[in-house]
Amino acid sequence: MTPLGLYSPGDSPLHRAPAGPKLLVLLALVTAVVLVGSPAWLGGACALVAAGYAVARIPAHRILPLVRTLLLLAVLVGALQVWLLGWRPALVTVLRLAASLAAAGLFTLTTRIDAVVATVERALGPLRRTGARPDRLGLLVGLTVQAVTTLSGIAGSVREAARARGAERSPTAFAVPFVVRTLRHADELGEALAARGIGDEADDPADHDRPDHPDTAPGRGRGDRPVP
């Protein structure tokens, strides 16, 4: 796993599909999953996502960490929901989590992060006139989608390590390594972004031409000194 990607190379129809339509399908699926409250429909959504993994031909070793994480979440969240709300709400919540996380995982495994960034940049290009930064927004969307699978993978590997030590029932044995590895991943991600010059840029020279920029506002000159 690299700091900026969980992409699994392949030549399946899902790998060859453009990032834009795939992102729209993912957003539509997650929205539908949130709005629908029928266990039957949610189960169908989970089956649809599972079929997507089969079509994409993702290697088993890339899927198992996500499956382990989903099972762990199902047990923890499901037990809490059963205790507080009952069986049906618990089943709905677990199916929603499973469908959403599995769909996000499939998207990141079959889509390069640079394709996601480029797609969002093109879609938001017209907003550049309002002062928005499509490049930053594209990167934000890509990293947000990817973060779901990244954290799922970390949780799965931490749980597997705890089981190997015979401490799978210890909350501390899971929580502490999970937090440490998550922070380490955040540091690696920050270093990767800094290496690409993101976040360290000086003011965009074009900004100085804007009427509302401090250095070019009426009655002011470069620096903050009034024009005589």
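Any value given below was found using the heavy atoms of this structure, including those in side chains, with hydrogens, waters and symmetry copies removed.
For Thr31, there are no side chain to side chain donor-acceptor pair (under 3.5 Å) partners at least two apart in sequence or on another chain. In this structure, the side chain to side chain contact (heavy atoms under 4.5 Å, CB included) partners of Pro59, at least two apart in sequence or on a different chain, are Ser8, His61, Arg62. Applying the side chain to side chain contact (heavy atoms under 4.5 Å, CB included) criterion to Ala99, with sequence neighbours excluded, gives Val33, Ala45, Cys46. Applying the side chain to side chain contact (heavy atoms under 4.5 Å, CB included) test to Val67 and every residue at least two apart in sequence or in another chain returns Ile63, Leu71.
In the hydrophobic clustering (ILVMFWY side chains linked at under 4.5 Å, chained through shared members), Leu35 stands by itself. Leu64 shares a hydrophobic cluster with no other residue; no ILVMFWY side chain has heavy atoms under 4.5 Å from its own. Connectivity analysis of hydrophobic side chains (ILVMFWY, heavy atoms under 4.5 Å, direct or indirect) links Val176 to Val180. Residue Leu97 shares its hydrophobic cluster (ILVMFWY side chains chained together at separations under 4.5 Å) with Val77.
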Without placing hydrogens or testing angles, list every side-chain donor-acceptor pair under 3.5 Å for residues 84-91, not counting sequence neighbours.
none

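Linking ILVMFWY residues whenever their side-chain heavy atoms come closer than 4.5 Å, directly or via other members, leaves Val82 and Val92 in distinct clusters. In this structure, Leu101 is a member of the same hydrophobic cluster as Leu95, with clusters built from ILVMFWY side-chain heavy atoms closer than 4.5 Å. In the hydrophobic clustering of this structure, Leu23 groups with Val30; members are Ile, Leu, Val, Met, Phe, Trp, Tyr whose side-chain heavy atoms approach within less than 4.5 Å, directly or through other members. Both Leu70 and Leu29 belong to a single network of hydrophobic side chains, linked directly or stepwise wherever heavy atoms of I, L, V, M, F, W or Y lie under 4.5 Å apart.
Residue pairs meeting the salt bridge (Lys or Arg N to Asp or Glu O under 4.0 Å) criterion with at least one partner in residues 64-84, sequence neighbours excluded, are Arg68-Glu160. Residue pairs that meet the salt bridge (Lys or Arg N to Asp or Glu O under 4.0 Å) test with at least one member in residues 28-42, sequence neighbours left out, do not exist here. Within the structure, no pair that satisfies the salt bridge (Lys or Arg N to Asp or Glu O under 4.0 Å) test touches residues 21-47, not counting sequence neighbours.
Note: Ile58 CD1 to Thr110 OG1 = 6.5 Å, rounded to the nearest 0.5 Å.
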* Test Val34 against Arg96 for side-chain contact (heavy atoms from CB on, under 4.5 Å), laying out the working first. => CA-CA 7 Å; Val34 171; Arg96 282 173 173 167; 5.5 Å; no
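When all heavy atoms are compared, the tightest approach of Leu106 to Ala56 is CD1-CB, 4.1 Å. When all heavy atoms of Leu109 and Tyr53 are compared, the closest pair comes out as CD1-CE2, 4.0 Å. Scanning all heavy atoms of the two residues, the minimum distance from Leu14 to Gly52 falls at CD1-O, 3.3 Å.
In this structure, Thr111 contributes its side chain and Thr108 its backbone to no donor-acceptor pair below 3.5 Å.
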